[in-house]
Amino acid sequence: MLHTYAASGLVASPASGVFSLTWLLIALPLAGAGVLLLGGRRTDGFGHLLGNATSWAAFLVGLALFAGLLGRGAGSRAVGQHLFSWVPVGGLQVSAGLLLDPLSMCFVLLITFVGSLIHLYSVGYMAHDPDRRRFFAYLNLFVAAMLLLVLSDSYLTLYVGWEGVGLASYLLIGFWNRNPEYAAAAKKAFVVNRVGDFGLSVAIMIMFATFGRVDFVGVFAGTSHASSAVLTAIGLMLLLGATGKSAQFPLQSWLGDAMAGPTPVSALIHAATMVTAGVYLVVRSSPIFDAAPTARLLVVAVGAVTLLFGAVIGLAKDDLKKALAASTMSQIGYMMLGAGLGPVGYSFAIFHLLTHGFFKAGLFLGAGSVMHGMNDQTNLRGFGGLSKVMKITWLTFGAGFLAIIGFPGASGFWSKDKIIEAAFVGSGWQPWVFGLAAMLGAGLTAYYMTRLFAMTFHGQARWSDDVHPHESPLVMTIPMMVLALGSLFLGAVLGPTGAITGWLEPVVGAASEGGTVLAPTVISLATLALVVIGAGLAWLAYGMRPVPTAVPAATWATVAARRDLYQDAFNEAAFMRPGQYLTRSLVYVDNRGVDGVVNGLAALVGGTSGRVRRWQTGFVRSYALSMLTGAAVVVAALLLVRL
Amino acid sequence: MSEFPWLSILGAIPLVGAVVVMALPRGRDLLAKQVALGVSLLTLAWTVAIAVRFDPSAGGFQFAQQLSWIPQFGVSYAVGVDGIALVLIALTAVLTPVCVLAAWHDADAGKRSVKAYFALLLVLETMTIGVFAATDVFLFYVFFEAMLVPMYFIIGSFGGAQRSYAAVKFLLYSLLGGLLMLVAVIGLYVASGGGPQAFLLERLLGTSIDPTTQKWLFLGFFFAFAVKAPMFPVHTWLPDAASQAPPSGAVLLVGVLDKVGTFGMIRLCLPLFPDASRWATPVIIVLAVVGVIYGALVAIGQRDIMRLIAYTSVSHFGLIVLGIFAMTTQGQAGATLYMLNHGFTTAALFLVAGMMVRRRGSRMIADFGGVQRVAPMIAGTFLVAGLAGLALPGLSSFVSEFLVLVGTFTRYPAAAVIATLSIVLAAVYILLTYQRMCTGPATEETKGFADLTRREAWVVAPLIAIIVVLGFYPKPVLDVINPAVTATLKHVGATDPTPVVHVAEGTQK
């Protein structure tokens, strides 16, 4: 049966032909994870090979499906595959079903391609780790869960993938959990994400109570009849879910700590794919957000706040990975902002998500390569001058650097510029506030990325004598080169050609041009000017002048940024300490109070003068047994009377 | 009725097995264990045979058998199963052999007779099957009380250092509940007019009892079930009993015995006293929600791993009761499924924790560390069990927890939203525990931990397999539960709230 699920009238047809293979996308990496986890040490020898094979195979299936979709008309590029009935209870009928449409296709290609490149890279990066097999099992598990997340045809199955990627993230952040701090970081990520999951759960409950359905088709078909209060509530709860998974304000605090995971994990999960799931959720739910302007406004606000929040933290971080993490938070802020703008921004949010997937993964793999050559150091103040000894890393990282700052022509330029432009669309105060925030963010990005790039690769060498930096092996540098090509050219291929907007239009509607409060050329030029100023200032401060190896004293603003704008201090004071106090007092009350009252009452009834200690004496035990006997006698007596 | 007595034989198998085990000569402990395992596996096989013959679409009680027992007092021996009872009997039948295998060395060190321990486990199985299968209220009561005896001895004779205190506390609480229930049982006889088949469930369902009497009778039954479940605020016996019992005993106590409480609510409270049930619902919903959050918060503060698991159960039982009294199809089907899933999850948690406790000689969480390094299989299974405990989607408890919450939401949105907060707390108590016990560097004491033995692997493998399979494909179980839930709700006169927006059929999947 055909059914429409988007405002534009896109219909999903049942899977046939090549599309009947859609389930394999998930099954292949899942099988890989299963074999490697259940097989245990017996699979140590070939774990990395199997992990790569399943991931690359999923990519090939993805390509075949992409070709299949391309071969269809724009209005019929959607395929639904029903797998089995999952939760059938009364009015709630949820099936395990997949939906392949232009939006999920983008993600499938991103996840399987960038994911496979990172699988390949990990062969080299994790070569000397005794648990490499387990690492690949978790990576495969992640890919399977992420594909389930983007291919699900209902919110409930999406939720399975949603928490599945959370589990993989937990396992991989804590991969080296021998270090107690890493174990704590993994737990923190999961718990903070659960706060977001609370939102997603409640959103699904409201959907069921309102529409009697939790699948996309059913929910979207009902939106036009639902009250705006209900839609706003759903939108806000979905946004809460999105802020958790995508490390957006106010649930951003876990991402920096998540850098405890091995660097390929940071590249794949905490930069290119998983953390963008929140953006996917918002864009996928476009029919709901289109009808809930208040919720959408809040999405934009969250995006704007986070993009500045992350950028400010990035300005001051001396840890290579944590600076990149702050940057990820900021870049996803851009995507969130774009997604919140509605039809003018949806496709650009996804566009930026795709280009970011390439350049940020490339930057992280570059960072991993630097660490590989520098005894796993991440302190920027201990680097410098690496451009001479790690030429490939320098060049590929440079490509990512150009992309993220929005260097004209590079991938990030096309995608970020479009979001900034879209932020200026509208009337009233909003386009000015959000547009200027997005523009300012571009300048800050240029500053912190130039600072990071200069401190790592340029200036005088500041590493100690026992470090011998060297270029990484080909198995690592090839994925870096591929991602560098994407960082440079993907934007130009998809953006100015109109390919990405045209491709996504059947799902998210047309991205109409115009309506900005400033002329687009003015916006572009002003943004470019800010980028030049930001990059120039950073180059003057860190590229031209010597960088002190010790952390210099700084103003309160810099200190605040170094300490992540006190996010952890706030959470600790507002939630953790009161929480610990609460649980401790409840335990006390439970032991002394609730139990004490009941013990006391029982003792009183038993005439033992309220001394609980007597419970342990034989006296009370015989009392209990006499009670049992008493009950038996009562029953017997009652029976006898009748007899 | 002349049908083949499938259920009576099912109940008799473990009882006969217990007698055989006790009749074995002294000193043949291994043989006693093997016989006990064999008998419990035979019971499982018999249960499978029943489950295969069960017709989910037929409705009503199947494999029914009815004999006049004490006609003067209206008592019959009547058994039969609907989907809910079948599911819980299956839970018992799966967990008993698992517990027998897990308990292999539990009684070795003590002075008490080893064969008696295994015989007690089997007797307990008979009593539990009896209580789930009873379709006569008096017979239900008899099994309900008789169940206490083997459990009392399992805790009191084979438990930890504080076993006497825990066993007596368990007994007193249960007896108090039981006595009130006895009064209510007698009251029911009077109120329903007596007769030779006075206690037969089928007959009682048709009788209408005046509202005031209904309320008193409801309270009598409900209190007994609330203690058994255990619900906040009558839960405090559970942490003591569960932490002092040997791990297998704790599993049967929390995993199976406590289900009798929530089962009783569905089987007796709702259909027999529909008006009173609706009358009491607001208070029960509040207590359930408080229990969900309270249990989770107190669990976070525990230092003893066994007590911690017990408190997580207090939280989960709150959810089960919430689902039952939401009076929606999703809520009650979810609650029933939760009873099943909670049984497997808690069993896995208690048993794997028990394996670690046995190796370390301490139940204190702080005494562990770095287990993942030295015994990855133990840590891995503990993590999977824990993830099932925090209802990770893809594992079995997620489906039931979600059904309970969504089913509650359609009628009591505020209660559902507050209860949903427990998913955050669950993540804290499970992952914090895992972090403390299994991550970090191995300590001096945990360094020598051996990984899962072959016997231990056979204990956890079936549990993990069920947890995963029911997470992905709960449909067969739901198909069995659904008709019974629909029947119960019909007795209470509750219909599901209809969605606000009608989504056109043209968009049906």
Side-chain angles (χ1 to χ4, degrees), chain A residues 3 84-92 95 159-160 163-164 167 174 177-178 180 183-184 187 190-191 194-195 197-198 201-202 204-205 208-213 215 217-218 221-222 225-226 582-584 586-587 590 594-595 598 602 615-616 620-621 624 627-628 631 634-635 638-639 642-643, chain B residues 70 72-73 145 164-165 168-169 171-172 175 178-179 182 186 233-234 236 294 297-298 300-302 329-330 333 370 372-373 387 392-394 399 402-403 405-406 409-410 413 416-417 420-421 423-424 427-428 431-432 435 439-441 473-475 478 482 496-497 499-501 503-504 507 509:
Chain A
H3 43 233
F84 54 87
S85 169
W86 182 37
V87 184
V89 179
L92 180 70
S95 62
Y159 192 29
V160 177
E163 286 232 355
L167 170 67
N177 65 22
R178 205 176 327 191
K187 180 200 64 193
F190 197 97
V191 171
R194 271 257 155 154
V195 178
D197 296 349
F198 164 82
S201 301
V202 173
I204 298 175
M205 289 179 216
F208 177 66
T210 311
F211 308 111
R213 301 273 288 268
D215 57 301
V217 175
H225 308 290
L582 179 66
T583 55
R584 258 187 243 134
L586 281 182
V587 169
D590 199 65
V594 180
D595 203 17
V598 179
W615 280 64
Q616 293 172 57
V620 174
R621 196 188 319 191
M627 245 172 104
L628 184 62
V634 171
V635 175
L638 281 165
L639 294 180
R642 283 281 162 173
L643 282 168
Chain B
I70 315 170
Q72 296 83 345
F73 195 45
E145 290 289 56
S164 301
Y165 171 73
V168 172
K169 195 170 175 181
L171 194 64
L172 281 182
L175 280 179
L179 279 178
L182 178 61
I186 296 165
V234 284
T236 54
Y294 180 89
L297 284 173
V298 178
I300 294 173
Q302 294 303 312
T329 317
Q330 290 79 29
Q372 201 220 317
R373 283 288 114 199
L387 292 171
L392 185 87
V399 177
F402 178 76
L403 281 171
L405 292 171
V406 83
F409 187 89
T410 54
V417 169
T420 305
L421 286 173
I423 70 168
V424 180
V428 175
L431 297 183
L432 192 62
Q435 184 191 335
T439 71
Y473 200 55
K475 187 175 183 294
L478 286 170
N482 283 335
D496 287 350
V500 182
V501 173
V503 175
T507 54
K509 299 152 67 73

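All values reported here derive from a predicted model rather than from experimental measurement. In what follows, chains carry the letters A, B, and so on, assigned in the order in which the sequence lines appear, proteins first and then strands, with residues in each chain numbered from 1.
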Which region of B:Leu478, side chain (C-beta onward) or backbone (N, CA, C, O), has a non-hydrogen atom less than 4.5 Å from a non-hydrogen atom of chain A, or is it both or neither? side chain
Considering only heavy atoms, which portion of A:Arg178 lies under 4.5 Å from any heavy atom of chain B: side chain, backbone, both, or neither? both
For B:Leu387, which atoms come within 4.5 Å of any heavy atom of chain A: side chain, backbone, both, or neither? side chain
Determine the option with the most heavy-atom pairs under 4.5 angstrom with chain A, choosing from B:Val424, B:Ile300, B:Leu405, B:Thr410. B:Val424
Enter the distance from A:Phe198:CZ to B:Leu421:CG here, rounded to the nearest 0.5 Å. 4.5 Å
Hey, does the side chain of A:Asp590 reach the backbone of B:Tyr294 with a donor-acceptor pair shorter than 3.5 angstrom? no
Measure B:Val399 against the heavy atoms of chain A and call it side chain, backbone, both or neither at under 4.5 Å. side chain
Within-4.5 Å side-chain heavy-atom neighbours: B:Phe409 and A:Ile204: no
Can you say whether B:Pro497 sits under 4.5 Å from chain A via the side chain, the backbone, both, or neither, judging by heavy atoms? neither
Can you find a heavy atom in the side chain of B:Tyr473 that is under 4.5 Å from one in the side chain of A:Phe84? yes
Looking at every heavy atom in both B:Gln435 and A:Pro180, which two are closest together, and how far apart are they? NE2-O, 4.4 Å
Which atoms form the tightest heavy-atom contact between A:Phe190 and B:Ala427, and what is the distance? CD2-CB, 4.0 Å
Please classify the contact of B:Gln330 with chain A as side chain, backbone, both or neither, using a heavy-atom distance under 4.5 Å. both
Quick check on B:Leu432 against chain A: is it the side chain, the backbone, both or neither that has a heavy atom closer than 4.5 Å? both
Any heavy-atom pair between the side chains of A:Ser201 and B:Ile423 that's under 4.5 Å? yes
